[in-house]
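Here's the structure, in structure tokens; my notes come after.
Proteins get letters first, then strands, A, B, ... in listed order; numbering begins at 1 in each.
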Amino acid sequence: MSLILRVFVAAMLLVSIAACTGNNMPVGVTPISKETYGLHMMIFWVCCAIGAAVFAVMFYSMFMHRKSKGAKPADFHESTLVEIIWTAVPLVILIAVAIPAAKTLIAMEDTSDAEVTIKVTGYQWKWQYEYLDSGISFFSTLDAEHNVARQVGSGVDVSKFDNYLKEVDNPLVLPVGKKIRFLHTSADVIHSWWVPDFAVKKDAIPGFINENWAFIEEEGTYRGKCTELCGRDHGFMPVVVEAVSAEKYDAWVAENSPAKITIADSGAAAGAAVTATADADDDREWQMDELMATGEKVYNQACASCHQVDGKGLAGAFPAIAGSAIATGDHDAHINIVYAGKPGSAMAAFAAQLSNTEIASVLTYQRNAFGNNVGDTIQPSAIKALR
Amino acid sequence: MSTAAAGHHEHDHDDHGPAKGWTRWLFTTNHKDIGTLYLWFSLVMFFIGGGMALIIRAELFQPGLQLVDPLFFNSMTTMHALVMIFGVVMPAFVGLANWMIPMMIGGPDMALPRLNNWSFWIMPFAFTLLLSTLFMEGGGPAGGWTLYAPLSLQGPDSFAFVIFAIHFMGISSVMGSINIVATIFNMRAPGMTLMQMPLFVWTWLITAYLLIAVIPVLAGAVTMLLTDRFFGTSFFNAAGGGDPVMYQHIFWFFGHPEVYILILPAFGIISSIIPTFARKPLFGYASMVYATGSIAFLSFIVWAHHMFTVGMPLAGEMFFMFATMMISVPTGVKVFNWIATMWRGSMTFETPMLFAIGFLVMFTIGGLSGLMLAITPADIQYHDTYFVVAHFHYVLVPGAIYSIMAATYYWLPKWTGNMYDEKWGKIHFWVSTVFLNVLFFPMHFVGLAGMPRRIPDYSMQFADWNAVATIGAFGFGFSQLIFVWVVLKCVKGGEKATDEVWEGAEGLEWTVPSPAPYHTFEKPPAQFS
């Protein structure tokens, strides 16, 4: 018996150590996440208790009722009473657990009276955040440095990053102390938006809008992931939320509303001025080298996941840009496939995802990189004309 | 072998051995031959599916992408599951059913022997078709074994081969199930009532009905994928008026009963082995039968617990939470009955018993994490993380796979006439069990800490436990070579087994000679009439 006891103590110790060092569910910073954590720990200890009782009886029997110790088999093989007992007792335990679980579930589903509404749209492989109250809208993509490091055989030591694969260009900014409603949908396949610290996980489904909510109690940076397999780069579309005070949030909204923050000016403080310059940019004549410089940046963020950094694609799955008939052919077909996508394939419509200059740049880049030497440019004005 | 049969049977002129040459296996209608074919097929697939698992674990050994493209990684997770479920566990159980059910019920063979031949021979073609997609342009399926639309519809043209492979596997399973039902109802020894059947026969009877009920549902779901992908329909395309969530409902209406298809025969095996080595009859036989029936019924009304994050109405989430929790009651009854069977028995711990106890302990762990997953608010945190991966591997590897290994060690002397190497059998058990826990237990931790499943690369905080799990995976994988060696050695020769083989064994299969003659029970046993 002392052996069992020692093994049991060692196992408990291991579990406790594991629980103390960030190997457990986070408690989180919303009322729901705290309730969920409480439920998780309750059911965990219930399971531990059941397990301990079951294994104690089992191992006692295995040590005591063995032939080598001279045990003679009994011949009982039925008892209606014990069958009823071990059907009824678990039922009672289940009912006791089900009541608090149901309460939390009801609270989780109550999205009424929200003060802020954010629409979260999943794309392969990024998130779009739209602040429905203020008109702010932007995409959030894996940080460019991480994106380089995570390529097969990049040779980058990924341990140098503090938050490897959990850093984005534009985090979602949210206020603390307000009920925030999320509307989830998708532009292509099913994704799932998860922030463990909020206990918010909801599938983003094309053609459907799902609801969820969070009331963040503490300022801070909270990180999560896409949790529904969504294709090649499912592992590379993190969620980062900056929770700030209500005042800071209002200031941030005022500063950014209603501009669109885009890849080209990611990191830079985007403001109302950006919209004005964007208009001017769309109309002027761009030089080849500036289109190529912007285009490469946009390509690596928006296209390289499928078509690869070298433009060679993946045979059978994603077509090559290098030597492609479309990318070296006439402008209209090339513009159209990027602008409107290709229905029934993984090729998304980028009209809503990229600005006119970004689309023009990336098209020019595709026509003049990877050995495609078409030598012409596509101007932002040509894209603007389509809108 | 015909001479061996003579010892126990009145020799009649039809009593002949197997045909000579390789056509024996191609044309055989003998339940033992077909059982053997199924079991070898399953073993080969076990190493193919296991190899895929090792590719997955090798990539996950360290953060960063070192070995494979993410798309190929996804295709490995997808194929690993399809191979393990449809190519390993299900054929192994059908193989055991073929070998054992006629002998357990005192029947001469399966009721539909030619159908039986066909059921098996579809399988190699189905899996050749499935595995060949890995070598086609665009690679194999990479949308997960659940083939969720619309992601699976983005796949390459090889997707059509995957769907046809699933159709073939389904046809094979349904025919096998029809055969098992027909055998159990028509071929029992005169006088053997249903409630006198061994529990393995009972659990297979119920499993066969589950298969007949749900395989056509899967066939329908994948056929809709096929027409969506190739013929322009919009069953699951919202832009065309379809519904991607409907796919998930249909899939899991198949998928959850499928989970029990993968475990009910295991319950039957464990219910045979524990009484033998405890030298005491199974406790609560009738309640075991009713519990199996209850689990089968509940399996049809819990499917949406796989979908708590898709956005269901509150009432739906409540219903599926409560129904799911209910499953732990009949499952608990089974575990308690097995322990009561051991209680005050006279136990010995030969390899089959070790695997049965391994099953009992680790399946219970998997069952308890299953209860945790039933709590919907908590499930929303657990869903699609490594916690779920840990859970279903605990019920499938030390659950389904261990039961198959226990069954192999248990009945191998009856099949071959030779005792296997007990020492190496035990070594196989202990090495496997240690590595298995090194492999799967840490997955609970990384899952709770926030590691999603089906990702080829992860954040630094998950690095340590992933390295540990990979070491466990390679240890577990390579220790299965011991199993192959012990089985091959036993097939070739060894200490001769007695007819009863095990001291405490009960049941008709132990009344025939070892090895079991090519034809058994041509004259039905008399003890039930």
Can you find a heavy atom in the side chain of [X] that is under 4.5 Å from one in the side chain of [Y]?
X	Y	answer
B:Y394	B:F441	yes
A:M42	A:P100	yes
A:I32	A:F198	no
B:T309	A:H184	no
B:P70	A:F236	yes
A:P238	A:L142	yes
B:F387	B:M451	no

Segment of [X] engaging chain A (4.5 angstrom heavy-atom cut-off):
X	result
B:M318	both
B:A463	neither
B:D157	neither
B:A278	backbone
B:N74	side chain
B:F72	neither
B:R229	neither
B:P281	both
B:S158	neither
B:S328	side chain
B:Q62	neither
B:A239	neither
B:V335	side chain
B:L282	backbone

Most chain B-contacting option - heavy-atom pairs closer than 4.5 Å, from [options]:
options	value
A:G153, A:G51, A:A102, A:P90	A:A102
A:A98, A:G207, A:S61	A:S61
A:M108, A:E109, A:M64, A:M62	A:M62
A:S305, A:C230, A:S68	A:C230
A:L91, A:L94, A:T87, A:I93	A:L94
A:T104, A:L39, A:L229	A:L229

Query raised in the report: Salt-bridged, A:R150 to A:D233, with N to O below 4.0 Å?
Result: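 Between A:D233 and A:R150 there is a salt bridge, with a charged N closer than 4.0 Å to a carboxylate O.
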Query raised in the report: Between the side chains of A:D143 and A:Y164, does any donor sit under 3.5 Å from an acceptor?
Result: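 There is no such pair between these side chains.
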Query - Between A:N24 and A:H40: side-chain donor-acceptor atoms closer than 3.5 Å - result: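 Yes, because at least one side-chain N or O of A:N24 sits under 3.5 Å from a partner of the opposite role on A:H40.
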Report task. Could you tell me how the ring of A:Y60 sits relative to the ring of A:H65: parallel (under 30°), tilted (30 to 60°) or perpendicular (over 60°)? Result ->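 Perpendicular, since the angle between the ring planes exceeds 60°.
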Query raised in the report: Hey, what's the ring geometry for B:F336 with A:W86, parallel, tilted or perpendicular (30° and 60° as the breaks)?
Result: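 Geometry flag for A:W86 against B:F336: tilted rings.
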Requested in this report: Heavy atoms only, distances under 4.5 angstrom: which of B:N337, B:N237, B:T364 has the most pairs with chain A? Name it, please.
Outcome: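 Ranked by contacts with chain A, first place is B:N337.
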Requested in this report: Sort A:I106 into side chain, backbone, both or neither according to what part of it lies under 4.5 angstrom from a heavy atom of chain B.
Outcome: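 Contact with chain B is through both the backbone and side chain of A:I106.
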